[in-house]
Undergrad: 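Can you read through this structure? Questions will come right after.
A note on names: the letters A, B, ... follow the listed sequences, proteins ahead of strands, and every chain is numbered from 1.
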There are 2 protein chains.
Amino acid sequence: MATMHDVARLARVSVSTVSYVLTGTRPISQATRDKVLAAMAELDYQPNAMARGLASRRSRIVGLLMPMDERGLGATETAFVTGAAAAASAAGYHLVLSPVGVGDLDDLRRLASQRMLDGAVLMEVQVEDGRVAALQEAGVPLVLIGRTGDTTGLAYVDIDFEQTVRQAVEHLVGLGHRRIVYVNHSAATIAAGYGPAVRTRDAFVAAMSGHGLEPVMIPAEDSAAGGRAALTAALDQAPDLTAVLAMNENAIFGILGELAVRGLAVPHDVSVVSMVTSPQVAELATPALTAMTSPGSALGRMAVEALLRRLEDGGDDDHQRLLPCALEIRGSTGPAPRPTAAAGGGDTVPTRSGPPGT
Amino acid sequence: MATMHDVARLARVSVSTVSYVLTGTRPISQATRDKVLAAMAELDYQPNAMARGLASRRSRIVGLLMPMDERGLGATETAFVTGAAAAASAAGYHLVLSPVGVGDLDDLRRLASQRMLDGAVLMEVQVEDGRVAALQEAGVPLVLIGRTGDTTGLAYVDIDFEQTVRQAVEHLVGLGHRRIVYVNHSAATIAAGYGPAVRTRDAFVAAMSGHGLEPVMIPAEDSAAGGRAALTAALDQAPDLTAVLAMNENAIFGILGELAVRGLAVPHDVSVVSMVTSPQVAELATPALTAMTSPGSALGRMAVEALLRRLEDGGDDDHQRLLPCALEIRGSTGPAPRPTAAAGGGDTVPTRSGPPGT
DNA sequence: TTGAAAGCGCTAACAA
DNA sequence: TTGTTAGCGCTTTCAA
């Protein structure tokens, strides 16, 4: 393996000249540069990453920190990872994947103190997330995917849940739906302050109220069984429902199954919209799901790009950016059925008509 | 940030003693060790990863190399990643995620020459995979997830497709099925020599022949639409089919949809087995899919562990290990229907009965 | 059982 | 525009 010394000797220049050719931190005459480049090519020279990192105090490595609690990653989280990896790689950085949960603060501090990471992207951020403070104290620049409760001074990218929910509700209202049930994550998850669950809940209340409609919400465990139970509960609470909006990617197939069992056709009797979903998953259902497609890999990419920008510029701009999910209309939504032979009696009267279309 | 010097000074020993306490490469008296450890604790000392890497020529970083061509990772591949990350982290190593496809050989060589990786795990290995040679030439120890055509001298972990297919076929034959169709990946994928597609194809032929049955196989594009088309083709070719075995995780929901459209009930009319699937995906279907559950995260873990073993022991044992998928019986398989009112006329007569049960 | 000191391969003053 | 050289923080010989 050729070193910088070898290159310098072959090119008949000093090591520092070789170094400066590489880093571009000082002007080099064209002639010298050519000599050096030729020598590099001839020796097939590649700078040693560790030596460079030690001398420059910059490893060119960024961390992607994700909790590994549950049953692996969903499609959306996986997209964060691939998007981040691609962005880092494109910028000549390396991305290390570190499974550090909210509980492993000591591990995280240890990791940060090793000075291996120039910066970090935090996934699955909690409303109260000790990892943020731990990294800040260690002086590790960071960008969140998601948001903590207090975001002052923090850089993050996140899904624009407010906008996403509003758009989903508008789609349904535009189709004439009035009785819309929102199936969220589990009560425990909401209570734990999981951002997406909390924000969509609030956004749903706001969106429905804006249309003069009552916001009916049901929590569901993250499983098909949870979805079944949620639909049952939903029909108990709102027998005249004509549309379901579901945040819970795991529950939604249970919802569809339970609808089928009850002889309720999608979208003829009940329209279904899946929130924050990947197209792959939406396509699995029959009919394919109308869904709010999450900008997963874009978020991963943007998080890394924001991080690198602040590493290179030394810039301290708090990059805070929200991306809405995109409404992709497939087969699971349609006009609201005429309110003739609904299951039970409607217990709420819409106070006004929605807009004509979407 | 405290350095080794600080620790040495505080403990009133030399730096080398501190280093030896850390690495354990030479005996240290208990008294000295205690002094050093106390000083480390007091200073909250963490060794600098770059300095250590430069001096020891071992970065404690391993690479997970995955192509990023297609539409992201499936659930199985994601499990590789999380399993590998967990294993690396547990062993005190770091895992860098590098999107290097079979086409990016130059990128790969560059990466390898940077001496940043102590070793690498290769994902989505092709039958002919230039990355293997590139890494070997660069002197980077590697372990494959999957297999190349010629595996002599290579370390790998992979799914035992032969065993997996055999078990799936036996499950169906045990239920009385005789007319079983195998839905594979696309013809192009098979032609490209994608290992799982080729190996399951061969294994299916062998397993069916072993039961004296005709192996009917249909390729399918990796999408719901592909699955629909495949089922149509399958019914053309074998109108009397009673079971479908599907390798293609994306196609299978299309198959289910098309079965429903045609009024064929699962499992009453047609049994369906999904191969190399994650439980999460299997649970999404209604009824939940009987599936061969892939040992995804175990494979990722084993690959990293095998790699680290060979890094630490310097051992050159070619770790070659196959793990079968586990049959998980859910609701999509049942006894074969009585061969009374099948769609068309059977064009193959089973030559003997299968075993009684499974 | 311990210490002194020579690197590891690079970056970045400092000097010319 | 280029060269000299002192580190970066650690590992590991060599010597005691």
Side-chain angles (χ1 to χ4, degrees), chain A residues 1-37 39-40 43-61 92 110 112-118 139 311-312 314, chain B residues 1-37 39-40 43-61 92 110 112-118 311-312:
Chain A
M1 201 102 301
T3 76
M4 204 170 233
H5 256 96
D6 302 325
V7 176
R9 195 179 324 130
L10 181 60
R12 308 184 148 283
V13 299
S14 71
V15 273
S16 63
T17 298
V18 178
S19 174
Y20 286 120
V21 167
L22 227 38
T23 60
T25 23
R26 92 177 175 192
I28 300 282
S29 76
Q30 193 57 46
T32 310
R33 160 174 288 113
D34 290 346
K35 271 194 306 186
V36 170
L37 258 22
M40 284 181 178
L43 295 175
D44 202 18
Y45 171 75
Q46 281 299 122
N48 179 303
M50 295 291 126
R52 186 202 276 251
L54 177 58
S56 67
R57 291 120 201 287
R58 305 180 74 275
S59 63
R60 305 200 131 252
I61 299 176
R110 210 164 302 134
S113 306
Q114 294 189 158
R115 310 275 76 177
M116 166 161 284
L117 305 182
D118 286 350
L311 290 182
E312 317 252 270
Chain B
M1 200 102 305
T3 75
M4 206 170 233
H5 256 97
D6 303 325
V7 175
R9 197 180 321 129
L10 182 60
R12 308 183 150 285
V13 298
S14 71
V15 271
S16 62
T17 298
V18 177
S19 173
Y20 286 120
V21 167
L22 227 37
T23 60
T25 24
R26 93 176 175 191
I28 301 280
S29 76
Q30 193 56 48
T32 311
R33 159 173 290 113
D34 290 346
K35 273 194 304 188
V36 171
L37 258 21
M40 284 181 177
L43 294 175
D44 205 18
Y45 170 76
Q46 282 299 123
N48 179 301
M50 294 291 125
R52 186 201 277 253
L54 176 58
S56 67
R57 293 120 206 286
R58 305 180 74 276
S59 62
R60 304 202 131 250
I61 299 176
R110 211 165 300 134
S113 307
Q114 293 188 161
R115 311 274 72 176
M116 164 160 286
L117 305 182
D118 287 348
L311 290 181
E312 316 253 271

Undergrad: Which distance, rounded to the nearest 0.5 Å, do you find between the OG1 of A/Thr32 and the CD of A/Gln30?
TA: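 Output value for this atom pair is 9.0 Å.
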Undergrad: Between the base of C/dT1 and the side chain of B/Ser29, is there a donor-acceptor distance below 3.5 Å?
TA: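 For B/Ser29, whose side chain was compared with the base of C/dT1, there is no donor-acceptor pair (under 3.5 Å).
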Undergrad: Please determine, for the side chain of A/Ile28, which listed nucleotide (C/dC10, D/dC10, D/dT2) has the closest atom?
TA: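 Within the option list, the nearest is D/dT2.
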Undergrad: For the pair made of CZ in B/Arg33 and C1' in C/dT2, what is the distance, rounded to whole Å?
TA: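 B/Arg33 atom CZ is separated from C/dT2 atom C1' by 13 Å.
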Undergrad: Categorize B/Ser19 for me: base, sugar-phosphate, or nothing, with a 4.0 angstrom heavy-atom threshold over every strand shown.
TA: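 The answer is base, as B/Ser19 lies within the cut-off (heavy atoms under 4.0 Å) of a base atom.
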Undergrad: Can a donor-acceptor pair under 3.5 Å be found between the side-chain atoms of B/Ser16 and the base atoms of C/dA4?
TA: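 Yes.
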Undergrad: Are any of A/Ser14's side-chain N or O atoms less than 4.0 Å away from OP1 or OP2 of D/dT2?
TA: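 Looking at the OP1 and OP2 atoms of D/dT2, neither is under 4.0 Å from any side-chain N or O of A/Ser14.
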Undergrad: Looking for any heavy atom pair under 4.0 Å, which part of the strands does A/Val13 touch: base, sugar-phosphate only, or nothing?
TA: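 Touches sugar-phosphate only.
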Undergrad: When you get a sec, tell me which of D/dG9, C/dT1, C/dG3 is the closest nucleotide to the side chain of B/Pro27?
TA: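 Selected nucleotide (nearest to the side chain): C/dT1.
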Undergrad: With DNA chain D as reference, determine whether B/Tyr20 or B/Ala51 sits nearer its 5' end, using the nearest nucleotide of each.
TA: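 Nearer the 5' end of the strand: B/Ala51.
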Undergrad: Begin from the C-alpha positions of B/Ser19 and B/Ser16 and carry the test side-chain hydrogen bond (donor to acceptor under 3.5 Å, both in side chains) through to its verdict.
TA: CA-CA 5 Å; B/Ser19 173; B/Ser16 62; over 6 Å; no
Undergrad: Round to the nearest Å and state the distance from B/Leu54 atom CG to D/dC10 atom C1'.
TA: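 From B/Leu54 CG to D/dC10 C1': 8 Å.
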Undergrad: With DNA chain C as reference, determine whether B/Arg26 or A/Leu22 sits nearer its 5' end, using the nearest nucleotide of each.
TA: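 Here B/Arg26 is the residue nearer the 5' end.
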Undergrad: Separation of B/Met116 atom CE from C/dC8 atom C1', in whole Å?
TA: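 It is 15 Å, rounded to the nearest whole Å.
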Undergrad: Out of curiosity, A/Arg115 CZ to B/Gln46 CD, how far, rounded to the nearest 0.5 Å?
TA: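 A/Arg115 CZ to B/Gln46 CD: 11.0 Å, rounded to 0.5 Å.
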Undergrad: Could you walk me through whether B/Thr3 and B/Asn48 pass side-chain contact (heavy atoms from CB on, under 4.5 Å), step by step?
TA: CA-CA 8 Å; B/Thr3 75; B/Asn48 179 301; over 6 Å; no
Undergrad: Measure the distance from CZ on B/Arg9 to P on C/dA4 and round it to the nearest whole Å.
TA: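 It works out to 14 Å between those atoms.
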Undergrad: Consider the side chain of B/Arg52, meaning its heavy atoms from C-beta on, and name the nucleotide among D/dC10, C/dT11, C/dG9 that approaches it most closely.
TA: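 Within the option list, the nearest is D/dC10.
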Undergrad: So, does A/Thr17 get its side chain near the phosphate of D/dG3, meaning an N or O under 4.0 Å from OP1 or OP2?
TA: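 The answer is yes; a side-chain N or O of A/Thr17 sits under 4.0 Å from OP1 or OP2.
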Undergrad: Can you tell me the distance, in whole Å, between the NZ atom of B/Lys35 and the C1' atom of C/dG3?
TA: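 Nearest whole value for this atom pair: 12 Å.
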Undergrad: Please report the distance, rounded to the nearest Å, between NE2 in B/His5 and P in D/dG7.
TA: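 Taking atom P of D/dG7 as the reference, NE2 of B/His5 is at 12 Å.
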Undergrad: From CE of A/Met4 over to C1' of C/dA12, roughly how many Å is that when rounded to an integer?
TA: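 Distance, rounded to whole Å: 11 Å.
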Undergrad: I need the A/Ser59 OG to B/Met116 CE distance, nearest 0.5 Å.
TA: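 Rounded to the nearest 0.5 Å, the OG-CE separation comes out at 6.5 Å.
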Undergrad: Could you tell me the separation between the CZ atom of B/Arg57 and the C1' atom of C/dC8, rounded to a whole number of Å?
TA: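 That distance rounds to 5 Å.
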Undergrad: So what does A/Thr23 hit on the nucleic acid, given a heavy-atom distance under 4.0 Å: a base, only sugar-phosphate, or nothing?
TA: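 The residue A/Thr23 makes sugar-phosphate contact but no base contact.
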